[in-house]
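Every heavy atom of this structure was used, including side-chain atoms; hydrogens, water molecules and symmetry mates were not. Whatever order the structure lists ligands and atoms in, that order sets their numbers, starting from 1.
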Amino acid sequence: MTMITNHMPTETLRALDAAHHMHPFTCAEELEARGARIITQAEGAWLTDSEGNQILDGMAGLWCVNIGYGRPELAEAAARQMRELPYYNTFFQTSHTPAISLAARLAELAPGDLNHVFFASSGSEANDTNMRLVRHYWARQGKPDKSVIISRRNAYHGSTMGAASLGGMAAMHAQGGLPVADVHHIGQPYWYGEGGDMDPREFALMRARELETAIAEIGENRIAAFIAEPVQGAGGVIIPHEAYWPEIQRICAAHEILLIADEVICGFGRTGNWFGSQTFDIKPDIMTVAKGLTSGYLPMSASIVSDDVAAVIGGDEFAHGYTYSGHPVTAAVALENLRILDEEKIVERVGSVTAPYLARRWAELAEHPLVGEAVSVGLMASLALSPDKSRRAAFAAPAGSAGLICREHAFANNIVMRHVGDRMVVSPPLILSEAEIDTLIERVRKTLDETHQQLISDDLMAAAAA
Ligand code: PXG
């Protein structure tokens, strides 16, 4: 076979990609017709594609490249570790210094008494671990029936059978026989889209109290845990009203259920603190982390659990683990990533400088005639496209049509911005400068203008009935 390199013509690469490479969350025929954009290189917050375009990565890859691209220290940490010990497992009474150091460092960084770390390779695997872990936790205490996990509609917790069941994505549940048994979903705290005429605080409390209703209906003796993202990411950067999390926390404490904070997106500085749980004052029993743990340079995730959970689980063999749990090379890369985040004060700078700046600049977009709301927390932000912002109206066209048009214009303007239905989201690398935030806003505004023009000319500005 000929060697495939970035020097090949884009069309050749696209044809080979379409012929052999199955992409996640993608219709293969559509992709073949359009051709994939081929990314060849990246530095800081900027991508280069095979046609030489310089693209501002408003999504930090897939919400993960927190320290930005191109840090040689991570490559060196990986090479060093590969030479010394490229692999060894952590089963059968063995360990190694990268896994030991990383677990100890995570225990230091994680809030409260979250002091024990179970490693995996993806957010999905870590959430599958959590599912088995919380059920085993109650079984160990003579309560095997406490097995139901409550989650939320429009949550994203991953793509494996367990994690996709925990998630509340209707399109995912429609394929492959999901959700698995004993997973229950309540409503999300999405006031803009679902709050109608309610006051935002009242709506947030109502949605939090759906947890209490579910507990009453299903029975506290049946419920193991509640899982939620501090801020829903893939669901559209839905930032809950400040009344939401304290109420959830109250309900979890009042009933005997564990609280799992899925920090896969929120962790490692995204919200302006090390963890979203700190930004929203959540006291979880378990945190799921991934993505920013290695800034995406290598795949790694973890469940970080409390002293209590670890003690209960610890009296027995937890029959669970992955070949790559605590992989020495990924652990070494994670440690180097955490060192950079800490020593270069990247998290602090997001909290005190760039998040407030992005908040101010992003809020200006709410003035745009097509924008129903523009919100942000830390360095994640979203806006709702609306044909009639005075009443937060949805489009008459199928959900996501306007969002897709907007994403295409963003592509053409060399800014990566994702669409979730008709919400547009960004989650850039945490090293973004103020000047780069200005560039981002400028490109998003141009994208919105062009989208607006196209929606008018395609006759797509009709609003759905109230
Ligand atoms: N939990 C959360 C909160 C996530 O955002 C996962 C778990 C699963 O992680 P893995 O590593 O198994 O992918 C995620 C992943 C998107 C998008 O398009 C978001 C994710 C993954 C892929 C696409 O917004 N989040």
For the residue pair Y324 and N89, confirm or rule out a side-chain donor-acceptor distance under 3.5 Å.
no

What protein heavy atom lies closest to atom 18 (O) of ligand 1? Include the residue and the distance to one decimal.
R418 NE, 2.6 Å

For ligand 1, which atoms have a heavy atom of E229 less than 4.0 angstrom away?
3 (C)

protein heavy-atom neighbour closest to atom 22 (C) of ligand 1 works out as L62 CD2, 3.5 Å

Return yes when W63 approaches ligand 1 closer than 4.0 angstrom through a heavy atom, no otherwise.
yes

Does any donor atom in the side chain of H157 or N130 lie under 3.5 Å from an acceptor atom in the other side chain?
no

Within this structure, what is the OG-CG distance for the pair S306 and L258, rounded to the nearest 0.5 Å?
7.5 Å

Would K291 count as a contact residue for ligand 1, given that I'm defining contact as a non-hydrogen atom of the residue lying under 4.0 Å from a ligand atom?
yes

For the residue pair R37 and F411, would you count it as a cation-pi contact if the rule is NZ or CZ under 6.0 angstrom from the ring centre and within 45 degrees of the ring axis?
yes

Closer than 4.0 Å to some heavy atom of S122 - which atoms of ligand 1 meet that?
11 (O), 12 (O)

Residues which pass salt bridge (charged side-chain N to carboxylate O under 4.0 Å, His left out) with R14, listed by chain and number, not counting sequence neighbours
E11

Nearest to atom 13 (O) of ligand 1 by heavy atom, C64, S124, A234: which?
S124

Under 6.0 Å from the six-membered ring centre of W191 and within 45° of its axis: does the NZ or CZ of R392 meet both?
yes

What protein heavy atom lies closest to atom 2 (C) of ligand 1? Include the residue and the distance to one decimal.
Y156 O, 3.3 Å

By salt bridge (charged side-chain N to carboxylate O under 4.0 Å, His left out), E43 pairs with (sequence neighbours left out) none

N127 heavy atoms within 4.0 Å reach ligand 1 at atoms 1 (N), 7 (C)

Consider every N or O of G123 and every N or O of ligand 1, then say whether any pair is closer than 3.5 Å.
yes

Donor + acceptor pair across side chains of Y357, D438 (<3.5 Å):
yes

Ranking V237, V231, I265 by closest non-hydrogen atom to atom 5 (O) of ligand 1, top hit is I265

Would you mind checking which non-hydrogen protein atom is closest to atom 1 (N) of ligand 1, with the distance to 0.1 Å?
D262 OD2, 2.7 Å

